[in-house]
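A note on names: the letters A, B, ... follow the listed sequences, proteins ahead of strands, and every chain is numbered from 1.
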Amino acid sequence: MTIDVKDSVFNAVPDADGRFGVYGGKFVAETLMSALAELEAVYRKLSVDPDFQQELDEDLAHYVGRPSPLYEAKRWSASIGGARIFLKREDLNHTGAHKVNNTVGQALLAKHMGKPRVIAETGAGQHGVATATIAARLGLKCQVFMGEEDVRRQALNVYRMKLLGADVIPVTSGSRTLKDAMNEAMRDWVTNVDDTFYIIGTVAGPHPYPMLVRDFQCVIGREARRQSQAQTGKLPDALVACVGGGSNAIGLFHPFLGDESVAMYGVEAGGHGIASNQHAAPLTAGTPGVLHGNRTYLMQDADGQIMHTHSVSAGLDYPGVGPEHAWLKDLGRVNYVVANDDEALRAFHTLTRVEGIMPALESSHALAYAEKLAAGMTPDQVIVVNLSGRGDKDIHTVAQIDGIQF
Amino acid sequence: MSRIAGRFQQLAQQGRKALIPYVVAGDPGLDVTVPLMHRMVACGADIIELGVPFSDPMSEGPVLQLGHERALANGTTLRTVLAMVEEFRQQDQDTPVLLMGYANPVVHMGYAKFADAAAAVGLDALLTVDIPPEEVAPLNAELQRVGMDNIFLVAPTTPAERIQRITDTASGFIYYVSLKGVTGAGHLDVADVAHHLGLIRDRSNLPVAVGFGIKDAASAAAVASVADGVVVGSALVNTMARAIDDGGDHETAMAAAVALLTEIRQGIDNSAS
């Protein structure tokens, strides 16, 4: 009964105004307000339409390749000597990350709304690739905004997007990373709002994006719940996922929020360490504010200017976080912790060598924390880590850090 | 009556249209803004709009993005902008001044603290690009407490029924965004502007100023023929940036801005007569 009550709390957000407690909302320029209202109306209608759901489920099964396996990392678990660690293999999805769960859903919305053009922002390039992919399949024109710094460090994904027929537009303003790409995507959307659908890649942005991206990503947690019960006979004791904007984390966590026995850890990018101020951990070291359409925790200075962030992983290099995470932090339902660059890099190498699975640097932050967590637990306990993406895109970054020239 | 309402009433009696220049506070230099404000008033500005620079100016085109970046590099903050207004008020108690910016610096300062500080320095109004009526109630309560106007945008995409909601929340004047796009874009359609101003006027007696995409005397004159006021921003900021790029100093930049504004004033006055 307690669980039902809690479920109803977690399923009641966002409210009609798009708020998760005091977070979320719609902080955008007037030009976009009617587009957001239209999107919300279409989504509320289609999300309960069995035909739409069937179309989505078929795409997830036959195009994305779901369900993704829940893999027990036995050798890695044994080497740590604590809990059994299972990996939710989102890296095995088509395009190599969890991002595609959401782009498939939003692209179907675009199709139903008759929008011939989609735009996206991207950091690591995974969301850009996932958007370019689904645009190619549906015959939609696609432009992807990407910070110049990220274009440099994710050259492989840039080329993938171009091969898929998308235009990649390097963004040279501000810090030239994900937040600036999002600014530029917003500017494009304001200008082309009539024919363009903005596919936001994370659970941030103005309402209804945090809600609909969460809903599309919840397939991760729903599967993990079933798989955990089937493979271990119980729910996991702990869930671990990395948090940049927070879409893979909310996707894993949300279907478990009402299960009090399941502990949850969202791992932010500690960069060079919280004390260095060079990190991307707004939940750990930031304060509430308003950016990119929502009220949430931000990395900001004493005058309310957004600070530059640092993370070895482009996908976590963002000064804000989805508003639902801000709410879950204040509620104390999810523990938000950090893993630094060097810890993530060690975890990248460990998993590659011990399990033959090369994780994305984003996901490596979750692995780094899971290793610490598992060590303090027992072999009858189960941790599920969201392996949100594969590491091929990061090989250049890792090689450079290791001093290797190609 | 607020200073802004009084100014529009006075202009209406004279059969003139409001010229509302926008500059980014602290661009091209911290020492430029207050003298420039006085000189803009001297060449015909009726209301001064100061941009509060923000690290992520999502509605600005390239020209104003650079303006915001320069102003931040010069050390401009919301506090220094309020200090500029205070300094301006020492010599000019008549010209309304409004701040235009983004939510976060004001959110971070706190709405009540901002309202108190703004009222103390003689600021007249605030326009936050990314705080629509849906989110504005707590801010509006504070602005109303100190008698400040809250200016809202109406866009070409704003449905007619929503215009009412905005005009019910707004005071001072309505700022109509002349195009779908960012500041400084170039596809102004005056007939379309006139149509939308009609929709606004059907629902409100507030004066309507038009901005985004007005860059010279001709476009200002065209807009002034249908609006109560004309906002000129990117063109001024660009003119000053070009003057500096060409090797000029702050004085040269101010002179260039004043020359452009003088032409625009003449364009507006000729169109109205």
task: Can you sort out the partners of A/R44 under side-chain hydrogen bond (donor to acceptor under 3.5 Å, both in side chains), two or more places apart, ordered by chain and number?
output: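 Here the qualifying residues are A/E40.
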
Is chain A contacted by the side chain of [X], its backbone, both, or neither, given a heavy-atom distance below 4.5 Å?
X: B/E69; value: side chain
X: B/V182; value: both
X: B/V154; value: backbone

message: Taking A/S173's backbone N and O only, do any of them form a donor-acceptor pair with B/Q65's side chain (distance below 3.5 Å, no angle check)?
response: no

Heavy-atom pairs under 4.5 Å with chain A are the metric here; pick the option from [options] that has the most.
options: B/T77, B/I131, B/V106; value: B/T77
options: B/G61, B/P57, B/P62; value: B/P57
options: B/L78, B/L72, B/V177; value: B/L72

- prompt: Would A/R19 and B/E134 pass as an ion pair if we require N to O under 4.0 Å?
  reply: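 Salt bridge flag = no for B/E134 with A/R19.
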
- prompt: Side chains of B/D56 and A/D180: does their closest heavy-atom pair fall under 4.5 Å?
  reply: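 A side-chain contact under 4.5 Å exists here.
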
Nearest-0.5 Å distance that lies between atom [atom1] in [X] and atom [atom2] in [Y]:
X: B/S59; Y: A/L32; atom1: OG; atom2: CG; result: 7.5 Å
X: A/T31; Y: B/F212; atom1: OG1; atom2: CZ; result: 6.5 Å
X: A/T191; Y: B/L179; atom1: OG1; atom2: CG; result: 8.0 Å

Would you name the heavy atoms of [X] and [Y] that are closest together and state the gap between them?
X: A/F27; Y: B/P132; answer: CA-CD, 4.1 Å
X: B/S55; Y: A/I306; answer: OG-N, 2.8 Å
X: B/L153; Y: A/E30; answer: O-CG, 3.4 Å
X: A/D301; Y: B/H108; answer: O-NE2, 3.4 Å

- prompt: Taking non-hydrogen atoms and a cut-off under 4.5 angstrom, which of residues 281-293 of chain A neighbour chain B?
  reply: A/T287, A/G289, A/V290, A/L291, A/H292

- request: Please report the C-alpha distance between A/V28 and B/D130 in whole Å, then the side-chain angles of each, then the deciding distance to 0.1 Å, and finally whether the side-chain contact (heavy atoms from CB on, under 4.5 Å) criterion is met.
  value: CA-CA 4 Å; A/V28 296; B/D130 52 350; 5.6 Å; no

field: Choice from A/M186, A/R187, A/Q305 maximising heavy atom contacts with chain B below 4.5 Å
entry: A/R187

message: Counting heavy-atom pairs under 4.5 Å with chain B, which one of A/D17, A/D194, A/N192 comes out on top?
response: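 Looking at each of A/D17, A/D194, A/N192 in turn, A/D194 comes out on top.
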
message: Quick check on the structure: residues of residues 198-206 of chain B within a heavy-atom distance below 4.5 Å of chain A, by number.
response: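 Residues of residues 198-206 of chain B touching chain A at under 4.5 Å: none.
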
message: Sort by residue number and list every residue of residues 157-172 of chain B having at least one heavy atom under 4.5 Å from chain A.
response: B/T157, B/T158, B/P159, B/R162, B/I166

task: Answer yes or no: does atom CZ of B/R79 have more than 12 heavy-atom neighbours from other residues, nucleotides or ligands under 6.0 Å?
output: no

Derivation of the side-chain contact (heavy atoms from CB on, under 4.5 Å) call for B/K180 and A/V190: CA-CA 6 Å; B/K180 291 170 200 157; A/V190 164; 5.6 Å; no

- line: When the 4.5 angstrom heavy-atom criterion is applied to A/A302 and chain B, the contacting part is backbone

